[in-house]
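Each remark here refers to the structure printed beneath this line.
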Number of protein chains: 2
Amino acid sequence: MRMGEGVEWGLHCCVTLGWLQDRAPVPIRRLAAWFDLPQEYLKKRLQPLARAGILGSGPGVRGGWSLARAPEDISVIEVVTALEGPLEAFRCTEIRRRGEGARDAGPEFDHLCGISTVMRRAELAWRRELAGQTIADLMAKAPDGAARTRRNYERIIASATD
Amino acid sequence: MRMGEGVEWGLHCCVTLGWLQDRAPVPIRRLAAWFDLPQEYLKKRLQPLARAGILGSGPGVRGGWSLARAPEDISVIEVVTALEGPLEAFRCTEIRRRGEGARDAGPEFDHLCGISTVMRRAELAWRRELAGQTIADLMAKAPDGAARTRRNYERIIASATD
DNA sequence: GAAGGGATACTCGGATACGCTATGTCCGAGTCGGACAGG
DNA sequence: CCTGTCCGACTCGGACATAGCGTATCCGAGTATCCCTTC
């Protein structure tokens, strides 16, 4: 089981955009150079976050990306769900109903499959953990990050040839 | 993010083998027909469970598959880990250290990445849920399953041409 | 009747093929802001 | 100086290409059990 790398990218971008809120919007070109990521593909991964109302983007020469809400109002699970989709990792296909083992089952299958129930409960615990953390919490976990980010961003803007 | 279907297959096979412990070992041919699954591929997915000491298999005309331990001693997380691998779903690649944003970071990066920490804690909650459930618990969740399974298995054995 | 050898039914492990999804790239269309020309 | 037009920068969305992994199948080798032959 593997989570796409877009989740790591998206979360780091949200945190960085939170630190640069007063310098937003940040063009995708700067954002990609910031983490040394492929620009086109990063853009493709951020678009679902805009559709989910987490990020905002604008065209034009002063366009770019920014947080669409306050960092306190964006939970980690929202970012993960927007990037990985709403479906659960474990998907019950009801194999218990198929084949020779399913004959004459009676009302037994009216109940939810026990395996499905257990897996679902585990995923709920996982989601609950991620729902309890926000972008603001992540920003607070790296107290030096805000200063470093703003300092480096100023320098890049100043040395830019454009 | 998606879990392979082998997890569902493996768990159902473990539960069924728990109910058929006194009729074990069960050949892969019967197990595949039991759930209407592709025989060769099911075999391939059960092999890691044998390597993990969860299932046992034996060759020969009386060979087949059986639980290697008591159902109470097999946790769901063991089955999942054997089939999906021990790696976590979220893998931190430390993109914070790369690119223009990482310049002059100082001792900030000595600490674990906050994003990585949050994701890891969520996965631990997920594992903890699955570690608290055993194959015996799953068997108990379907009280009618034991009788149905034994009844159908007897019938199949009796009607077999071999 | 006992020992030896072959047939059978199963497992194991590796090799191979296929398809889906994640990853990565490219291009045309649309939009915003600024530059520039004309009144 | 004001207004209208054009241009450049940037985004969006879709189309397309590539790679990796999950899915699926097949085959040869090994082994335990059973049966049959032979003594």
Side-chain angles (χ1 to χ4, degrees), chain A residues 1-10 13 17 24-33 35-53 55-66 68 80 82-85 87 89-91 93 95 157 160-162, chain B residues 1-10 13 17 23-33 35-66 68 80 82-85 87 89-91 93 95 157 160-162:
Chain A
M1 191 173 49
R2 173 156 206 166
M3 182 169 293
E5 56 190 357
V7 172
E8 185 185 10
W9 298 4
C13 285
L17 288 174
V26 178
I28 195 69
R29 171 170 52 85
R30 296 207 191 285
L31 217 39
F35 293 114
D36 192 22
L37 297 175
Q39 171 178 334
E40 290 299 313
Y41 189 43
L42 174 63
K43 186 182 65 173
K44 191 184 192 69
R45 302 319 305 272
L46 293 186
Q47 285 172 0
L49 295 181
R51 262 180 249 125
L55 296 185
S57 65
V61 66
R62 292 270 178 227
W65 297 79
S66 55
V80 172
L83 289 169
E84 291 288 307
L87 291 177
F90 179 87
R91 300 172 199 183
T93 60
I95 66 170
I157 295 290
T161 55
D162 57 23
Chain B
M1 189 174 49
R2 173 155 206 166
M3 183 169 294
E5 56 191 357
V7 172
E8 185 185 10
W9 299 3
C13 285
L17 288 174
R23 303 299 306 250
V26 178
I28 194 70
R29 172 171 51 86
R30 295 206 192 287
L31 218 39
F35 294 114
D36 192 21
L37 297 174
Q39 172 177 334
E40 290 298 313
Y41 189 42
L42 175 62
K43 186 181 65 174
K44 195 181 192 67
R45 304 315 310 269
L46 293 187
Q47 284 171 4
L49 295 181
R51 273 193 289 272
I54 295 169
L55 297 184
S57 66
V61 65
R62 292 265 177 234
W65 297 79
S66 57
V80 172
L83 289 168
E84 292 288 309
L87 291 177
F90 179 87
R91 300 172 197 181
T93 61
I95 65 170
I157 295 290
T161 55
D162 56 23

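Order of the sequence lines fixes the chain letters, A, B, ..., with proteins taken first and strands second; residue numbering starts at 1 for each chain.
Closest to the side chain of A/Y41, from the set D/dC34, D/dC27, C/dT25, is C/dT25. Comparing C/dT11, C/dC27, D/dT11 by their closest approach to the side chain of B/I28 singles out C/dT11. The B/W65 side chain lies nearest to C/dC12 when the options are C/dA9, C/dC12, C/dG24. When distances run from any side-chain atom of A/K44 to the nucleotides D/dT11, D/dA15, D/dC34, the shortest one goes to D/dA15. Taking every side-chain heavy atom of A/E40 into account, C/dC27 is the closest of D/dT11, D/dA9, C/dC27.
Per the geometry, CG belonging to B/L37 stands 12 Å off C1' belonging to D/dA24, to the nearest Å. Rounded to an integer number of Å, the gap from CE of A/M3 to C1' of C/dT21 is 16 Å. Between the CG atom of A/L42 and the P atom of D/dG13 there is a distance of 15 Å, rounded to whole Å. Separating the CG atom of B/L46 from the C1' atom of D/dA24 is a distance of 15 Å, rounded to the nearest angstrom. The distance from atom CD of A/Q39 to atom C1' of C/dC26 is 12 Å, rounded to the nearest whole Å. Rounding to whole angstrom units, CD of residue B/E8 and P of D/dG22 are separated by 17 Å. Taking atom CZ on A/R45 and atom C1' on D/dT11, their separation rounds to 18 Å, with Å as the unit. Nucleotide C/dC26 holds its P atom 12 Å from the NZ atom of A/K43, rounded to whole Å.
With rounding to the nearest 0.5 Å, the separation of CG in A/L37 from CD1 in B/I95 is 5.0 Å. The CD atom of A/E5 sits 10.5 Å away from atom CG of A/L42, with the distance rounded to the nearest 0.5 Å.
Nearer the 5' end of DNA chain D, as judged by each residue's closest nucleotide, is the contact made by A/Q47, out of A/Q47 and B/P38. Ranked by how close their nearest DNA chain C nucleotide is to the 5' end, A/G4 and B/V26 are led by B/V26.
DNA chain D lies under 4.0 Å from at least one heavy atom of each of the following residues of residues 49-60 of chain B: B/P59, B/G60.
Contacts of B/R2 with the nucleic acid, taken as non-hydrogen atoms under 4.0 Å apart, are absent. Among the protein residues, A/E5 comes within range of the sugar-phosphate backbone only, with heavy atoms under 4.0 Å from sugar or phosphate atoms but none that close to a base.
Looking only at atom types and distance, the side chain of B/E8 has a donor-acceptor partner in the side chain of A/T93 under 3.5 Å away.
Taking side-chain N and O atoms only, B/R62 has a distance below 4.0 Å to OP1 or OP2 of D/dC34. A sub-4.0 Å separation between OP1 or OP2 of C/dC10 and a side-chain N or O of B/R29 is present.
Minimum heavy-atom separation, B/G53 to B/A68: O-CB, 3.5 Å.
Between the side chain of A/E84 and the backbone N or O of B/M1 there is at least one donor-acceptor pair closer than 3.5 Å.
Residues A/I157 and A/R30 form a side-chain contact, since some pair of their non-hydrogen atoms from C-beta on lies under 4.5 Å apart.
Among residues two or more places apart in sequence or in another chain, the side-chain hydrogen bond (donor to acceptor under 3.5 Å, both in side chains) test is passed with B/R91 by none.
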* To do: Kindly determine whether B/L83 and B/M3 satisfy side-chain contact (heavy atoms from CB on, under 4.5 Å), including the steps that lead there.
  => CA-CA 10 Å; B/L83 289 168; B/M3 183 169 294; over 6 Å; no
